[in-house]
Chemist: 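My questions will all concern the structure given below.
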Amino acid sequence: MSAETIVVDPVTRIEGHLRIEAQFDGSVITQASSSGTMVRGIEIILKGRDPRDAWAFAQRICGVCTLVHGIASVRAVEDALKYTLPANAQLIRNLMIATQFVHDHVMHFYHLHALDWVDVVSALKADPKATSTLAQSISSYARSSPGYFADVQSRVKALVESGQLGIFANAYWGNTLYKLPPEANLMAVAHYLDALAWQRQIVQIQTIFGGKNPHPNVLVGGVPSAISVHAGAGTGTTAVNIVGLQKVAELISQMRSFVDEVYVPDVLAIASFYKDWFKTGEGTGNFLTYGDFPSLGSQDPKTFLVPRGAILGRDLTHIQEVDLAADGGIQEFVAHSWYDYSGGKETGLHPYQGETQLNYSGPQPPYQHLDTSASYSWLKSPRWKGHAMETGPLARVLMLYAGGHEPTKELAGKALAQLDLPLEALFSTMGRTAARALECKILADAMPQWYESLLANIKAGDVRTFNEALWEPSTWPRHAQGVGFLEAPRGSLAHWIVIDEGKISNYQAVVPTTWNAGPRDAAGAEGPYEAALKGQSVKDPKQPLEILRTIHSFDPCLACAVHVIDPDGEELIRVRIQ
């Protein structure tokens, strides 16, 4: 292969629209460019609105992480107006956020990422009895009989023979980069289908506490789910009672069982066939977390289950402090973005002073190739103290490990020992995938403690879930600003809000995919996607599976980072429900 450019557009099995251009010397990527090809306008929509209503708009940034933008938004208002939360509200939020994590991580692996490693068509060659033996050797999962796998194989065969692969269409089946034996492929396909049914059940936690899903309700000052001490279903209230709480306990148990018996064993089993992918796709080597899952009565990030901090240059011996409000900390740059700043495109702005100007007049899509020497993305380039930072499960697992969190150290140690790999193997494409599974178990295992604390409060007579003390706007200061942060499944998420005379005067959301997928900055420093692809080899430019593996390991959500707009203000689509 001579020097050339490969374009992957759109990158599929993600949320939103992402374009990757990779330049090659021979078969090696010498430069990669990540482009979000739609523009985000949520910040503009929120200006002038009541800050208590912001969550309902902000939560629509994405329909996959259906909770996290709402939580970030209400936390921003609470920080600006100095609200405090009742203990029950904090526990319910922890449970809802952890549910989002477990749901999202499992769905990402099976339905967005696993097919980068699993050859569905190869499963047709598997021996169901041998598949059963394999499955039972790695897990006690009940659905592991020969008959079960034979039935799954028949279903897949019917799809293949019909020529309509449906959810398994448009992949690189048969590519020599697939290394799993047919039996492992069949096992993974079966669990892919099981995860579809499982995920429909466990999201009921969001509907119990938030009324619906997607986009459960949230509330500035607490949660919208009142607690009733009445056990009967016919009490005439929509409050959460003992029936709902017992259902939550049942769902937590189901979540933990699937994670322990299916998800984690599958990730480790599949990873054992792709150990070479623990040596490539690292990225910047810099990692950032805002922290989340507060302890009761404390908003100090040092007490969070996931701590706040920054790791630079892989140095796990030194966690640097992160201040989300400091001017010299987080900034967003637009040197290679299709945005303008009033102070010029070379300027970096803290989100409190952030601008969303859509009057850029340079070259924009449609295009044949990106002009990477100029602007080439609707994503901005976030930086912490000038550094491009990776956020997400790998960053959080490394932060927990570096901070001495014993469950993380034990889980990571066992997983790496099983794979016969050093800790440094986590700095990789497959390391991200493994870290996501470990984090999923850590959070699933934390949920029973939050649930038991909630139950204990209720039994002690504490049913408060909302703080009304500062709900009256006449008590607000004329000017206020705050930041609402949380660790979303894909990484560190924060919303910054400025309130003047009771209305939103500025609003900026910096999302995980902006951190990871953003373009180069004014100094030419690459974002994590771009850095992770650089130096990788691609065997077949017509089937760039290697690019997909690394990009999918981040779990992109471009819908969070960019939004569609028609520059003429015309209606783009109308949906009719018959």
Side-chain angles (χ1 to χ4, degrees), residues 43 46-59 67-94 96-97 210 217-226 289-308 321-330 350-354 450 453 457 462-488 492-510:
E43 290 90 344
L46 283 169
K47 281 188 176 182
R49 297 186 183 274
D50 189 318
R52 295 167 297 182
D53 296 337
W55 72 268
F57 294 88
Q59 189 156 273
L67 171 79
V68 297
H69 287 287
I71 295 290
S73 184
V74 297
R75 283 178 171 175
V77 179
E78 290 160 0
D79 182 54
L81 302 178
K82 310 308 175 189
Y83 276 52
T84 57
L85 292 183
N88 292 334
Q90 187 59 72
L91 289 165
I92 289 172
R93 285 188 184 179
N94 281 358
M96 293 180 73
I97 296 169
N217 295 304
V218 294
L219 184 68
V220 173
V223 292
S225 44
T289 61
Y290 295 159
D292 208 345
F293 302 105
S295 300
L296 291 182
S298 176
Q299 293 300 311
D300 182 354
K302 293 180 180 178
T303 69
F304 292 0
L305 171 58
V306 177
R308 177 182 299 173
E321 292 188 4
V322 173
D323 185 345
L324 302 186
D327 286 337
I330 293 171
H350 185 277
Y352 279 141
Q353 290 80 45
W450 296 323
S453 296
N457 287 347
D462 179 9
V463 295
R464 293 184 65 238
T465 60
F466 173 60
N467 179 5
E468 299 180 3
L470 297 177
W471 189 250
E472 177 51 53
S474 63
T475 66
W476 298 356
R478 295 183 64 182
H479 172 82
Q481 62 185 32
V483 55
F485 61 88
L486 82 160
E487 288 297 324
S492 300
L493 167 68
H495 290 204
W496 283 263
I497 191 170
V498 180
I499 303 169
D500 287 302
E501 305 294 346
K503 301 295 182 182
I504 297 171
S505 58
N506 198 9
Y507 198 101
Q508 295 291 320
V510 183

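Residue numbers run from 1 in the order of the sequence given. Note that these values count all heavy atoms, side chains included, but never hydrogens, waters or copies made by symmetry.
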Chemist: Any idea which heavy atoms bring Leu305 and Pro307 closest together, and the distance?
Modeler: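 Nearest pair, atom of Leu305 first, then Pro307: O-CD, 3.5 Å.
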Chemist: Does some side-chain heavy atom of Pro51 sit less than 4.5 Å from a side-chain heavy atom of Trp476?
Modeler: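 The answer is yes, as the side chains (C-beta and beyond) meet within the 4.5 Å cut-off.
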Chemist: Are Leu67 and Val218 side-chain neighbours, meaning at least one heavy-atom pair lies under 4.5 Å?
Modeler: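 The answer is yes, as the side chains (C-beta and beyond) meet within the 4.5 Å cut-off.
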Chemist: Find the distance between OH (Tyr352) and CD1 (Ile330) and round it off to the nearest 0.5 Å.
Modeler: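 Taking OH in Tyr352 and CD1 in Ile330, the distance rounds to 10.5 Å.
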Chemist: So, Arg75 and Asp292, do they make that salt bridge, N to O below 4.0 Å?
Modeler: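 Between Asp292 and Arg75 there is a salt bridge, with a charged N closer than 4.0 Å to a carboxylate O.
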Chemist: What's the verdict on side-chain contact (heavy atoms from CB on, under 4.5 Å) for Gln508 and Val498, showing C-alpha distance, side-chain angles and the deciding distance?
Modeler: CA-CA 9 Å; Gln508 295 291 320; Val498 180; over 6 Å; no
Chemist: Can any side-chain N or O of Asp462 pair as donor or acceptor with the backbone N or O of Asn457 at less than 3.5 Å?
Modeler: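 Here the side-chain-to-backbone pair does not exist.
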Chemist: Between the main-chain N or O of Gln59 and the side-chain N or O of Ser73, is there a donor-acceptor pair closer than 3.5 Å?
Modeler: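 Here the side-chain-to-backbone pair does not exist.
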Chemist: Between Asp50 and Arg52, is there a side-chain N and carboxylate O pair less than 4.0 Å apart?
Modeler: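 Yes, Asp50 and Arg52 are salt-bridged.
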Chemist: Under a 4.5 Å cut-off applied to non-hydrogen side-chain atoms, are Leu219 and Val74 in contact?
Modeler: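 Side chain of Leu219 against side chain of Val74, heavy atoms only: no contact under 4.5 Å found.
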Chemist: Return the minimal non-hydrogen interatomic distance between Phe485 and Leu324, and the atom names on each side.
Modeler: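 Distance-wise, the nearest heavy atoms are CD2-CD1, 3.6 Å.
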Chemist: How close do Gln90 and Pro294 get, counting heavy atoms only, and between which atoms?
Modeler: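 Taking every non-hydrogen atom into account, NE2-CD, 3.5 Å.
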Chemist: Once you round to the nearest 0.5 Å, how far does NZ of Lys302 lie from OG of Ser295?
Modeler: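 Here the rounded value is 14.0 Å.
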Chemist: Rounded to the nearest 0.5 Å, what's the gap from CZ on Arg49 to OH on Tyr507? Could you check?
Modeler: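 Arg49 atom CZ to Tyr507 atom OH measures 12.5 Å (nearest 0.5 Å).
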Chemist: Specify the closest pair of heavy atoms between Ala80 and Ile497, including all atoms of both residues, with the distance to one decimal.
Modeler: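 Closest pair (atom of Ala80, atom of Ile497, distance): CB-CG2, 4.3 Å.
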Chemist: Please determine, by modelled atom types, if Asp500 and His479 share a side-chain donor-acceptor pair under 3.5 angstrom.
Modeler: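 On atom types as modelled, these side chains qualify, holding a pair under 3.5 Å.
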Chemist: Could you go through the side-chain contact (heavy atoms from CB on, under 4.5 Å) check for Trp496 and Val510 one step at a time?
Modeler: CA-CA 8 Å; Trp496 283 263; Val510 183; 3.6 Å; yes
Chemist: Starting from the C-alpha separation in whole Å, work towards a yes-or-no answer on side-chain contact (heavy atoms from CB on, under 4.5 Å) for Ser225 and Ile92.
Modeler: CA-CA 9 Å; Ser225 44; Ile92 289 172; 3.9 Å; yes
Chemist: Whether the side chain of Glu78 engages the backbone of Tyr83 through a donor-acceptor N/O pair (distance < 3.5 Å, no angle test) should be reported.
Modeler: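 No.
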Chemist: Which heavy atom of Asn506 sits nearest to which heavy atom of Pro351, and what is that distance?
Modeler: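 Closest approach of Asn506 to Pro351, heavy atoms only: ND2-O, 4.0 Å.
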Chemist: Would you say the side-chain atoms of Glu487 and Ser492 include a donor-acceptor pair closer than 3.5 Å?
Modeler: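 Present: a donor and an acceptor within the cut-off.
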Chemist: To the closest 0.5 Å, what do you measure between CG (Leu486) and NE2 (His495)?
Modeler: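 Result: 8.0 Å between the selected atoms.
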Chemist: Quick check for you: to the nearest 0.5 Å, what is the distance between Glu501 atom CD and Arg478 atom CZ?
Modeler: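 Here the rounded value is 4.5 Å.
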Chemist: Is the side chain of Asp79 donor-acceptor paired with the backbone N or O of Val483 at a distance under 3.5 Å, no angle test?
Modeler: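 Checking the backbone N and O of Val483 against the side chain of Asp79, a donor-acceptor pair under 3.5 Å is found.
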Chemist: What I'd like to find out is whether the side chain of Ser505 reaches to under 4.5 Å of the side chain of Ile499, using heavy atoms alone.
Modeler: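 The answer is no; the side chains never approach within 4.5 Å.
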Chemist: Using 0.5 Å steps for rounding, measure from the CG atom of Asp53 to the CG atom of Leu46.
Modeler: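 Rounded to the nearest 0.5 Å, the CG-CG separation comes out at 10.0 Å.
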Chemist: How far apart are the closest heavy atoms of Leu81 and Pro477, and which atoms are they?
Modeler: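 Result for this residue pair: CD2-CD, 4.1 Å.
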Chemist: If only atom types and distance count, is the side chain of Thr465 paired as donor or acceptor with the main-chain N or O of Ala89 below 3.5 Å?
Modeler: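 Such a contact is absent between Thr465 side chain and Ala89 backbone.
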Chemist: Give the ring-plane orientation class for Phe293 versus Trp450, where under 30° counts as parallel, over 60° as perpendicular and anything between as tilted.
Modeler: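 Aromatic pair Phe293/Trp450 classed parallel.
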Chemist: Donor-acceptor pair, distance only, cut-off 3.5 Å: does the side chain of Arg308 make one with the backbone of Tyr290?
Modeler: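 Looks like yes, one N/O pair under 3.5 Å.
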